[in-house]
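Hydrogens, waters and symmetry mates play no part in the numbers below; they use all other heavy atoms, side chains included.
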Amino acid sequence: MNNVIRQHFDVLVVGAGPAGMAAATCAAESGLHVGMVDDNPGIGGQIWRGDTINSATEAKHWAQRLGAAKVDVACGTRVFGHPGTGILLAERGNDVYELKYRKLVLATGARERFLPFPGWTLLNVMGAGGLQALVKSGLPIEGKRVVIAGTGPLLLAVAAYLRHHQANVLMVCEQQSWTSLVRFGVELLRQPQKIRQAISLQGALGGIPFVPNCWPIEAMGRDSLERVVIRRNGKTETIVCDYLACGFHLVPNTEIAELLACEIRNGYVHVDEFQQTSRADVFCAGEPTGIGGLDLSIAEGQIAGYAAAGNKSAAKMLCKTRGKMKRFAGVLDNTFTLRPELRSLPSQTTIVCRCEDVDYSRLSRHTSWRAAKLDTRCGMGPCQGRVCGPATRFLFGWSPDSVRPPIFPTSLANLGALSSQSITEHCEVTGGCA
Amino acid sequence: MSATSRFGSDTLVAEQITVTVNGILVVVADGTTVAVAVLLQGTSCRRSVSGQPRGPLCGMGICFECRVEINGTPHCRSCQIVCESGMEIRAGE
Ligand SMILES: Cc1cc2nc3c(=O)[nH]c(=O)nc-3n(C[C@H](O)[C@H](O)[C@H](O)COP(=O)(O)OP(=O)(O)OC[C@H]3O[C@@H](n4cnc5c(N)ncnc54)[C@H](O)[C@@H]3O)c2cc1C
Ligand code: FES
């Protein structure tokens with residue numbers, strides 16, 4: 001029988017990345033009882049995961065403030081359901097948490113967008129952030145030949161990170177054209193802190209070839225990756241390598257917000273100047289409200305934390321900083337739009353839905369996500385369309401169905417806890433309530 | 001709710017942990033995830049529904065490609081679980 005543990009917070013924060021850490025800290029420093037959950041083994045989110053939390057100056061600053069503010073942190077804890085107003089359900093191993101809150105801050109971050117191409121299911125073909133995450137969690141990369149491909153500023157951050165860890169980064173392939181990138185560069189010039197980041201990045205890249213107008217068309221190897229074929233200025237080229245790290249910018253994790261019926265606009269959670277969603281008790285900060293990078297996530301997190309704690313004057317003081325950064329988010333979205341040629345990357349037999357092994361030919365017969373899903377089980381596997389959803393949206397223009405609980409597959413026993421009724425029963429039987 | 005966050009500790013430079021992957025001993029640094037132990041052993045994490053070998057894609061708990069069996073529990077997302085001494089991992093099956 002699974003344990004059910006009940007907790008009650010003034011403010012509950014979901015996601016312990018930069019936005020969540022800032023939100024939790026500011027709410028707790030305002031004198032409230034604050035809890036924070038994250039499904040990763042440690043705090044820090046995507047950028048500060050693993051040992052980075054102890055080395056990056058800004059990460060250390062927030063980790064220390066968070067600790068001093070006595071935020072109750074639970075890592076390895078995944079939110080999967082919302083049985084009623086003011087309650088979220090989360091699981092950690094065999095334990096179910098019933099988390100009650102007065103105010104909720106969603107800081108669930110973003111994930112990479114993956115596009116299918118022949119061979120993308122081979123071992124050692126991974127996301128760009130995916131490979132970086134594995135290196136941050138212990139994968140030795142020294143001397144390994146890596147091709148980085150796709151689109152977005154993450155490719156450069158990953159290249160610099162891997163090079164710093166002595167990987168042999170052979171090339172960064174960016175699908176976008178020089179013209180768009182130059183326009184992006186001009187926009188960067190308006191943002192002093194971004195210029196500083198760009199200059200230090202330039203140094204960290206240390207001569208790794210950066211090739212615009214270039215994208216992978218096939219990954220090859222027996223079971224595991226051996227070489228990648230790229231398209232570069234209209235010609236194809238084959239590169240022998242150990243890893244292909246490939247991601248096409250980011251998509252926001254809006255599932256919990258959707259479950260809570262918060263308004264979504266153009267794919268992002270809609271918020272007001274205090275990071276408040278269309279639901280008065282729910283705030284949202286960081287990537288789910290727009291992909292804008294680290295500084296914006298931290299600014300939004302602070303505003304959300306203060307506002308959730310009712311400290312509106314402190315929140316208001318940060319609005320100006322956020323405004324400037326928000327502009328950058330819009331520029332990012334416009335710069336790294338996908339070129340239409342990428343729609344013809346998959347062959348008829350390329351797998352699009354990796355959970356259910358549904359190939360392109362079976363999907364292309366359908367006219368909607370719903371019809372494809374019913375006929376092929378596309379998107380019905382454990383990732384619940386988190387990978388193939390954004391891909392089919394780009395390939396076929398389909399919109400995914402509305403989100404249903406549980407938002408992550410969970411054990412049957414934990415699923416039982418979806419109704420508050422059964423939680424009470426579990427508690428009576430197990431005495432497991434905290 | 002206890003604090004399991006790792007800030008303040010030198011996770012990745014600390015001691016070595018031994019686990020088994022399909023019965024073979026694998027030694028990793030403390031703080032290493034199960035996904036990495038499986039990659040180091042040189043096997044895939046799982047077989048897809050049509051039998052293809054699969055390994056980590058997202059590294060962040062989203063894609064479910066890194067599922068393995070840990071101490072008898074199937075379908076664990078190995079990219080989000082840190083190795084513990086004596087863990088028995090079954091992968092690629
Ligand atoms: C894979 C990846 C790698 C990146 N690497 C870099 C980099 O090297 N350099 C850089 O400048 N920027 C990087 N970025 C961008 C960076 O993440 C943002 O700039 C910013 O730091 C985001 O902060 P955040 O707090 O909004 O989100 P995140 O840092 O993504 O934090 C969100 C957290 O919420 C958790 N979460 C989500 N859903 C749930 C749930 N249901 N239950 C519990 N927890 C949940 C996630 O696991 C995550 O830890 C990366 C992004 C991604 C997706
Ligand atoms: S690699 Fe995607 S869930 Fe673990």
A.B. asks: Pick from Gly130(A), Cys383(A), Pro382(A), Gly127(A): which one has the most heavy-atom pairs with chain B under 4.5 Å?
C.D. replies: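 Top option by heavy-atom pairs under 4.5 Å: Pro382(A).
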A.B. asks: Please report the shortest heavy-atom distance between Pro41(A) and Val82(B), naming the atom on each side.
C.D. replies: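 What the structure gives for the nearest pair is CB-CG2, 3.5 Å.
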A.B. asks: Measure the shortest side-chain to side-chain distance between Glu112(A) and Met60(B) over non-hydrogen atoms and say whether it is less than 4.5 angstrom.
C.D. replies: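 Of all side-chain heavy-atom pairs linking Met60(B) with Glu112(A), none is under 4.5 Å.
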A.B. asks: Does CD in Glu88(B) sit with more than 12 non-hydrogen atoms of other residues, nucleotides or ligands closer than 6.0 Å?
C.D. replies: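 No, not enclosed.
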A.B. asks: I want to check something: taking the side chain as every heavy atom from C-beta on, are Leu57(B) and Val125(A) in contact at a cut-off of under 4.5 Å?
C.D. replies: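 Side chain of Leu57(B) against side chain of Val125(A), heavy atoms only: no contact under 4.5 Å found.
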A.B. asks: Under a 4.5 Å heavy-atom cutoff, which of Gln132(A), Gln384(A), Arg111(A), Arg78(A) has the most pairs with chain B?
C.D. replies: Arg78(A)
A.B. asks: For the candidates Ala35(B), Ser50(B), Gly55(B), which exhibits the highest count of non-hydrogen atom pairs separated by less than 4.5 Å from chain A?
C.D. replies: Ser50(B)
A.B. asks: Need one label for Leu39(B): side chain, backbone, both or neither, based on atoms under 4.5 Å from any heavy atom in chain A.
C.D. replies: side chain
A.B. asks: About how many Å separate CZ of Arg386(A) and CZ of Phe64(B), when rounded to the nearest 0.5 Å?
C.D. replies: 6.5 Å
A.B. asks: Chain B: which of Val387(A), Asp39(A), Asp223(A) shares the most heavy-atom pairs with it under 4.5 Å?
C.D. replies: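 Among the listed options, the one with the most contacts to chain B is Asp39(A).
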A.B. asks: Taking every heavy-atom pair that is under 4.5 Å apart, which of Cys79(B), Ser44(B), Cys45(B), Cys83(B) has the most such pairs with chain A?
C.D. replies: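 Sorted descending by pairs with chain A, the first entry is Ser44(B).
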A.B. asks: Could you tell me which non-hydrogen atom of Arg54(B) sits nearest to which non-hydrogen atom of Leu123(A), and how far apart they are?
C.D. replies: C-CD2, 3.2 Å
A.B. asks: CG of Leu139(A) to CG of Leu40(B): how many Å apart, nearest 0.5 Å?
C.D. replies: 6.5 Å
A.B. asks: For a quick test of reading the model, state the closest non-hydrogen atom pair linking Leu134(A) to Pro56(B) and the distance between them.
C.D. replies: CD1-CB, 3.8 Å
A.B. asks: Less than 4.5 Å to any heavy atom of chain B: does that hold for the side chain of Asp38(A), its backbone, both, or neither?
C.D. replies: neither
A.B. asks: Looking only at heavy atoms and a cut-off of under 4.5 Å, which of Gly61(B), Gly59(B), Cys76(B) has the most pairs with chain A?
C.D. replies: Gly59(B)
A.B. asks: Taking the side chain as every heavy atom from C-beta outward, state whether Cys58(B) and Met126(A) have any atom pair closer than 4.5 Å.
C.D. replies: no
A.B. asks: Please look at Leu122(A) and chain B and tell me whether the side chain, the backbone, both or neither of the residue comes under 4.5 angstrom of a heavy atom of that chain.
C.D. replies: neither
A.B. asks: If every non-hydrogen atom of Cys63(B) is compared with every non-hydrogen atom of Cys355(A), which pair is closest and at what distance?
C.D. replies: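 Minimum heavy-atom contact is O-SG, 4.3 Å.
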A.B. asks: To the nearest 0.5 Å, how far apart are CD1 in Ile81(B) and CG in Asn40(A)?
C.D. replies: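 Ile81(B) CD1 to Asn40(A) CG: 11.0 Å, rounded to 0.5 Å.
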A.B. asks: Between Gln46(A) and chain B, which part of the residue has a heavy atom less than 4.5 Å away: side chain, backbone, both or neither?
C.D. replies: side chain
A.B. asks: Is it the case that atom NE2 in His75(B) sees more than 12 heavy atoms from other parts of the structure closer than 6.0 Å?
C.D. replies: no
A.B. asks: Give, as side chain, backbone, both or neither, the part of Gln80(B) having an atom under 4.5 angstrom from any heavy atom of chain A.
C.D. replies: both
A.B. asks: Hey, does Phe408(A) have a side-chain heavy atom less than 4.5 Å from the side chain of Arg77(B)?
C.D. replies: yes
